[in-house]
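What follows is a set of notes on a single structure, which appears directly below.
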Amino acid sequence: MVILSLRLLYTPGPPFRTRSPTFSQCLGTKLKTFLEDLGLHQFYREKLSLNKILEINEKTINDEPPKFKSDLSWHFLKKLMMVNVTARKIKSVSMSNQDDELDPGEFNLDDLLACTNEGDSLNPLDLITALFLCSDGFVRQELALKMSMCQFSVPLLLPNCDTQQCTLMLWAMKDIVKKYRPSDLSESKGFIEERIALSELPMISFVRLGECSLSKSEILNKLLNNPDDTFVHRDMECGDIQRRISNGLTEMTWYLPCGNKNMDIFSEPVAIANLRGDIASFETQFSFLCQTSAAVFVFFDQLDSEYELLMNKNHKAQIFLVGNQQSKSLTPYVLKKITTNLGLTRNNIIIKSKQTNNADFVKQLRKRVSDVINNPQRKMSVKKMADVTHELGIIVDEDSPECQAGKMKADKITAEIEDIMKYKEDQLPLQDKIWKELTCLEKEEFRLRKVGSENIENYKSKLQSERKELRKKQNVSAMSNAMTCFINAISSPHRERCYFLKWMRMNLDNLSRTELSGLRELYKEKCKDSENKQEIKEIDQQLSSSSLGVEHFFREMGQIYEASLYLPETHPSRQQLQHLPKLCAQLLLDGFPLELVDGDASNIPLRWVSDVLSQLNDLVSPKNKILVVTVLGVQSTGKSTLLNTMFGVQFAVSSGRCTRGAFMLLIKVNEDFKKVLNCDFMMIIDTEGLKSPELAQLDNSYEHDNELATLVVGLSDITIINIAMENSTEMKDILQIVVHAFLRMKEVGKKPQCQFVHQNVSDVSAHEKNLRDRKLLLEQLNEMTQAAARMEKKEKYTSFTDVMEYNPDTGNCYVPGLWNGNPPMAPVNAGYSETVYELKKNIIQQLGKCESTSNNILEFREWIISLWNAVKHENFIFSFRNSLVADAYMRLCTEYNQWEWEFKKEMYKWVTTAETRISNFGSFTATSEISDMNEFIIVLKSEAITELTKWETKILENLKKYFDQPEGHVYLVEGYREDFSNSIKSLRRQTERSVFNQITAAADIKKGLKELDKIRATYTEKIEKAVEKTTLNTLLLCIDQRV
Ligand SMILES: Nc1nc2c(ncn2[C@@H]2O[C@H](COP(=O)(O)OP(=O)(O)O)[C@@H](O)[C@H]2O)c(=O)[nH]1
Ligand SMILES: [Mg+2]
């Protein structure tokens, strides 16, 4: 009933006015023709997918400008995916030639006066509309995200001029997350980070009624003060070309304050909408805007009867009239009539008179907009806007059955989450404690650090049985509710599964964000003061346990799978899980990133990963060749941003979550490009969270980082080493260990290529200027390699390039800062995008040249297994910050061994003397005043203690002296001083025990000997007596016989 009455009030009519029979005859073919022109018609039904867009093909590194209209859309996509702000400048060569190649001899003035910008050209808005119409939900999200990063407006209502339907782009906008600082947070320096489609903001809409000689979009760009133009306008390249399919398009953008009064145009966040075309032709869109906006600004030249359109009583928005005083018809009388009829005040009218210049006019506009924002009658999120669409006959993109099915399944899981930490314990119990314990056991089995004096085989088998016990424990509990739902959901059909995963990702990000943003702030705060080490550590711990992403569910899946392998083969649980690797292989093919290294546990679920890769191999064989590109660098230095820009992929950027480890992702290589790249897929590995320097120093935890780095570099054909100016040292350190590890581990047969990327360097002369730095870097790396080679007794390795492929001239790339200006309103720097593109071309060319022999999926799988096992075996090198430290440590060890040896030698001498003294005890009683052996032993023991203490003090003294000397980088091993000092003490205790034992043993022997003497004496006597007796008897016998 309610809806009915609203409808009566509103009487919307058909969504588009049909103005004339000829117009209506055209309907149904206009869009089709346009798409055919663009070569996009095949994607109208079978929509463009991300896989199609991201695939690497001939166009990827081809710099030729587009020749034909049909090249334009790909050209635009390629640029937009690399967040290039020049993407909307679309002109094919044939079009630009019209401008350039005028015959200078022919003085044809007609040509100068004629409009050259028609015919073959294309309005950028048409192209954008066409692409949105031809894309699936995921491409749309990606387009909208990249457009918003460029600060381009994004479609809010997408028209389809063939079906006359318009669609609310709610889903498409869902991936856009923005950070800003409203005025009330400017003091505290806090900020808000939100999925902008969910933010309740006032919306200000700008529409046109009838003809208008002012360019509304240009005015809006001025209003927003964006140098790169938020809205396409008529003075832009191709902006004046008549729109063919994009009338009725309503775009949206946001103005978000940074919290600085002098810079902010508006101190509160606001959404701006802009309707293309005359509201008289697009009443649906106009009604939508009137019901959702806080204010609607109507631009016009003259108002006749058409202003009745504005009189609708159902409009909730404030109406502002913006007139351009062009014609004489705009008289005070007419204005008065209109304001009275519409119930407007003087404030609601802005007239640009012939005298007002643009700057003043924009100022006036800003003032009115500000007034509305500061006291908005209505705030509405795009999500809420969906509620008014139904009565207007507008479709919501999110309403598609697959999207809804995915949403339901994701909501079912995430609705259960209240406390993330507790949820993880309850629902994802296999990964945290148990998996970490398993990891420790596994590594110990290889490294045998705590074996002590135990028999190695026994020790190992004990560890193995402990591991089995833990696996049993994993198998005991039934699969949690959440995991059952999750596995069910990812088993659904392709598109639904993709929607499900995206919903999961968004829901979980939203949850984590609220929980993490406070912690992150606290973390940053504490990091400023390095005194708070313990607190920093605790916050870091909390950060990692409060973050929850889709990868945690996959982690759990991996654990469930691995544990099930310990069940008998016929066990129903085990059989039910057999299909999981295949499912994940399929996801990899869909372009979904999969966790390779679990950075929280510092381990790879090897069976799981290798089974997934086997399945992947089965799925794609024989097209199973891959090349691997990896990125390595300290936390939050823009690695993921770099990869996302370079390949258009979607690795998580720092906002939202906090994961550690390495993720792999596949990009397809098109057939036409195989001759260049010689592979079927490119595998991209993004590493996350190499610890920030403050944290690594904190607990000396270089191990995880070094292991991770060694693995990923070892796996890759090209490693991009990402360096931000301020932390080049950390990166050098890690690299050294990688090199060192490579030298130690004979399993590493590859020689990966290195590409250094220096972030935030924008000077054009950077490459030239930094020549010296590059040389220095190489020198340092060489020195380190030599140190490592010396330690490993592999002196044939004398330079860095003996271990890694690196060319100082081409192997460095200087990338300017990401943002052009001050976020949140800054667009991506065009220089960033272009430089990353150059880097991409360079990398692809290098990959083309690289003669990787082991480059199919199966070999990659074997490689992971053997490399990771080698890493687990490696006991020594990973615990050091860099080779210098390792070297200094080795020196100290050598020195220490020397002391230890001398000590032992001396004590051995002493014991030998003591033993002699014991053995001689009693022989020369006169020399000793002590007559009792026990007393003698006590005296000897006390002498031993004096001797031992003397040596202990001496070695401790040595240690002190060692650390006092200036050479040998001893300060690097200061942290180990305590260990060594403890070793000395324990060495003394051990020696003491052994000396005492030896003394006692010698004494016992001596005592034994005495006893023996006694016994011997008695027996001799007895024998003698017996002999005497026998002899006598015999004698007597003889005598007898003779007698
Ligand atoms: N100012 C500035 N910010 C950047 C740059 N590159 C990335 N960022 C931002 O830094 C944050 C961390 O980036 P991310 O790619 O997640 O870093 P990762 O941890 O190395 O993967 C993100 O918010 C990026 O927007 C840059 O060159 N300059
Ligand atoms: Mg990252």
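Being a predicted model, the structure only gives us computed values, none of them experimental. Both counts, for ligands and for their atoms, begin at 1 and track the order of listing.
The aromatic rings of Trp503 and Trp171 sit tilted, their planes meeting at an angle between 30° and 60°. Ring geometry for Tyr806 versus Phe800: interplanar angle over 60°, hence perpendicular rather than tilted (30 to 60°).
Close approach of ligand 1 to Gly817 is summarised as follows: ligand atoms under 4.0 Å from at least one heavy atom of the residue are 27 (O). Proximity to Thr637 (heavy-atom distance under 4.0 Å) selects the following atoms of ligand 1: 17 (O), 18 (P), 20 (O). Near Thr641, with a cut-off below 4.0 Å to any heavy atom, the atoms of ligand 1 are 7 (C), 13 (O), 14 (P), 15 (O), 24 (C). Near Gln759, meaning under 4.0 Å from any of its heavy atoms, are these atoms of ligand 1: 27 (O). Close approach of ligand 1 to Lys639 (heavy-atom distance below 4.0 Å) involves ligand atoms 15 (O), 17 (O), 18 (P), 19 (O), 20 (O), 21 (O).
Considering backbone and side-chain atoms alike, Val653 places every N or O at 3.5 Å or more from each N or O of ligand 1. For a threshold of 3.5 Å applied to N or O pairs, the pair formed by Leu818 and ligand 1 contains at least one separation below that value. Considering both main-chain and side-chain atoms, Lys179 never comes within under 3.5 Å of ligand 1 through any nitrogen or oxygen pair. Note: an N/O pair closer than 3.5 Å links Ser636 and ligand 1 by distance alone.
Residue contact check for ligand 1: Gly633 places no non-hydrogen atom closer than 4.0 Å to it.
Phe756 has its ring centre no less than 6.0 Å from the ring centre of Tyr814.
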Quiz prompt | Verdict with reasoning, Lys146 to Glu142, per salt bridge (charged side-chain N to carboxylate O under 4.0 Å, His left out) | solution = CA-CA 6 Å; Lys146 304 269 160 150; Glu142 216 30 40; 3.7 Å; yes
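With Arg88 contributing its side chain and Asp229 its backbone, the two residues share a donor-acceptor pair below 3.5 Å. For Ser833 (side chain) and Ala830 (main-chain N/O), no donor-acceptor pair under 3.5 Å exists by modelled atom type.
Of the heavy atoms in Asn760, only side-chain atoms (C-beta onward) come closer than 4.0 Å to ligand 1.
In terms of heavy atoms, Thr641 sits closest to Thr645 at O-OG1, 2.6 Å.
Among the backbone and side-chain atoms of Ser640, an N/O/S atom is found under 2.8 Å from the Mg ion (ligand 2).
Partners of Arg195 by side chain to side chain donor-acceptor pair (under 3.5 Å), not counting sequence neighbours, listed by chain and number: Asn510.
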